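Everything below concerns the one structure shown next.
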Amino acid sequence: MYAQLVKTDSDRVRGLDEMSAEERAFQERIDRGEKIEPKEWMPEGYRKTLIRQIGQHAHSEIVGQLPEGNWITRAPTLERKAILLAKVQDEAGHGLYLYCAAETLGVSRDELIELLHAGKMKYSSIFNYPTLTWADIGAVGWLVDGAAIMNQVPLQRTSFGPYSRAMIRICKEESFHQRQGYDIMMKMAKGSPAQKAMAQDALNRFWYPALMMFGPSDKDSVHSAQSMAWKIKINTNDELRQKFVDQTVPQAHYLGLTVPDPDLKWNEEKGGYDFSEPDWSEFFDVIAGNGPCNTERLNARVKAWEDGRWFREALVAHADKRAAARIAAE
Ligand SMILES: [Fe+2]
Ligand SMILES: [Fe+2]
């Protein structure tokens, strides 16, 4: 299977005959569908790639709370407020499972957070876009959590045990998130003309950023082939993006909304939609730190971390005191 995955020289997956005995045994376990557990031998590249991927995923869950947290106090009804609050809390939980999964690879949560705050680790570019209206909360749940599910469902079968198990629970919660988003969109799209216009505007602004969530086109994506051989990645970016479009377009039609792509067309032969690629220069620009909210998001995270410092220190001091008291009593 590796031969088919070879793409370019710089992103070449080595054949079994080029591997050491340890590496070969490792690859064979993955090919048999076995899970790799934290204490077991793994190539350094596998460990590093997973730390980067799981860490980035954890950061995305945490930073992803910010655009939605922005609307908790302004949700239109008590019920919507309670639902949104529960959803944002779920995202915090997802972040914590994922930091724990990364910790099993030998990196602490504090180290990962420091890397994020120093701008040395990324989070999903989608969270650098603002949520301007209540309809945006609908669009985020529908499209952003929808794209997240598309990315994460295959990861339930990923080769690293703790990551795959975290994904199983996370995916269950994500499907609730997507439904709550779609439910908001239904209310808005079937509401007054002004509400429908807000829903359409939210779709217009979030459509392409949602398509960008699957990452660059396969031809420009680095690390893919090796990650697929290691089953850290199960589908290519373009495969997942196509699946997302095919699933989402009929949902937009049901809402009576228009997908902002004049070239969107059903292609009978391929059994999917033809659609326009996002503007990749915008994607790389946002990744590079120049999106509308990059600075605001990072500042909010750094402030939360600094504001919580006294509390973390107090917890440690309290634990130390109790331990000292226990020793003195023995
Ligand atoms: Fe999540
Ligand atoms: Fe979510």
Side-chain angles (χ1 to χ4, degrees), residues 50 52-72 75 79-103 109 112-113 116 121-131 134-158 160 162-186 202-203 206-207 209-215 232-234 240-241 243-244 247-248 251 293 297 300-301 304:
L50 269 175
R52 193 185 58 233
Q53 184 173 328
I54 300 175
Q56 183 172 317
H57 192 165
H59 296 327
S60 302
E61 301 283 358
I62 298 299
V63 178
Q65 294 179 99
L66 295 171
E68 292 183 296
N70 183 34
W71 279 89
I72 290 174
E79 193 189 6
R80 291 287 182 196
K81 192 193 288 275
I83 293 169
L84 184 58
L85 202 58
K87 191 232 185 222
V88 172
Q89 261 177 340
D90 282 355
E91 306 299 8
H94 297 173
L96 296 186
Y97 308 147
L98 289 162
Y99 284 127
C100 288
E103 279 182 321
R109 197 199 302 181
L112 290 172
I113 288 173
L116 172 71
M121 274 185 96
K122 304 281 183 207
Y123 54 87
S124 178
S125 63
I126 189 82
F127 302 120
N128 291 312
Y129 290 86
T131 44
W134 174 250
D136 286 10
I137 298 304
V140 166
W142 171 36
L143 302 173
V144 176
D145 290 86
I149 295 172
M150 211 46 105
N151 264 323
Q152 291 170 10
V153 163
L155 289 176
Q156 296 177 109
R157 292 181 285 117
T158 196
F160 186 56
Y163 192 28
S164 111
R165 291 187 287 272
M167 280 302 118
I168 292 170
R169 172 149 180 197
I170 288 177
C171 283
K172 288 201 174 107
E173 294 179 345
E174 293 301 353
S175 62
F176 153 66
H177 298 172
Q178 193 192 20
R179 278 154 201 253
Q180 69 86 35
Y182 196 70
D183 189 56
I184 293 172
M185 291 305 276
M186 290 253 276
L203 172 57
F206 278 95
W207 175 253
L211 295 191
M212 292 177 197
M213 285 178 68
F214 299 95
I232 290 175
K233 200 178 165 88
I234 311 281
L240 291 171
R241 190 166 13 250
K243 246 179 129 178
F244 175 77
Q247 177 187 288
T248 309
Q251 295 170 348
C293 299
R297 300 292 185 238
R301 286 311 314 154

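Position 1 is the first residue of the sequence; numbering continues from there. Predicted model, so just to flag it, every value in this text is computed and none were measured. Numbering of ligands and ligand atoms starts at 1, following listing order.
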Is any side-chain heavy atom of P67 less than 4.5 Å from a side-chain heavy atom of V140?
no

Heavy-atom check, side chain of L143 versus side chain of L203, under 4.5 Å
yes

Please work out which of the three classes, parallel, tilted or perpendicular, describes the rings of F244 and F214, given edges at 30° and 60°.
tilted

Can you check salt bridge (charged side-chain N to carboxylate O under 4.0 Å, His left out) on K172 and D90, steps first, answer last?
CA-CA 11 Å; K172 288 201 174 107; D90 282 355; over 6 Å; no

Compare every heavy atom of F206 with every heavy atom of A139, then report the nearest pair and how far apart it is.
CB-CD1, 4.1 Å

Check against side chain to side chain donor-acceptor pair (under 3.5 Å), H57 and Y163:
CA-CA 10 Å; H57 192 165; Y163 192 28; 3.1 Å; yes

Here the Fe ion (ligand 1) sees protein N, O or S atoms within less than 2.8 Å, and their number is 4

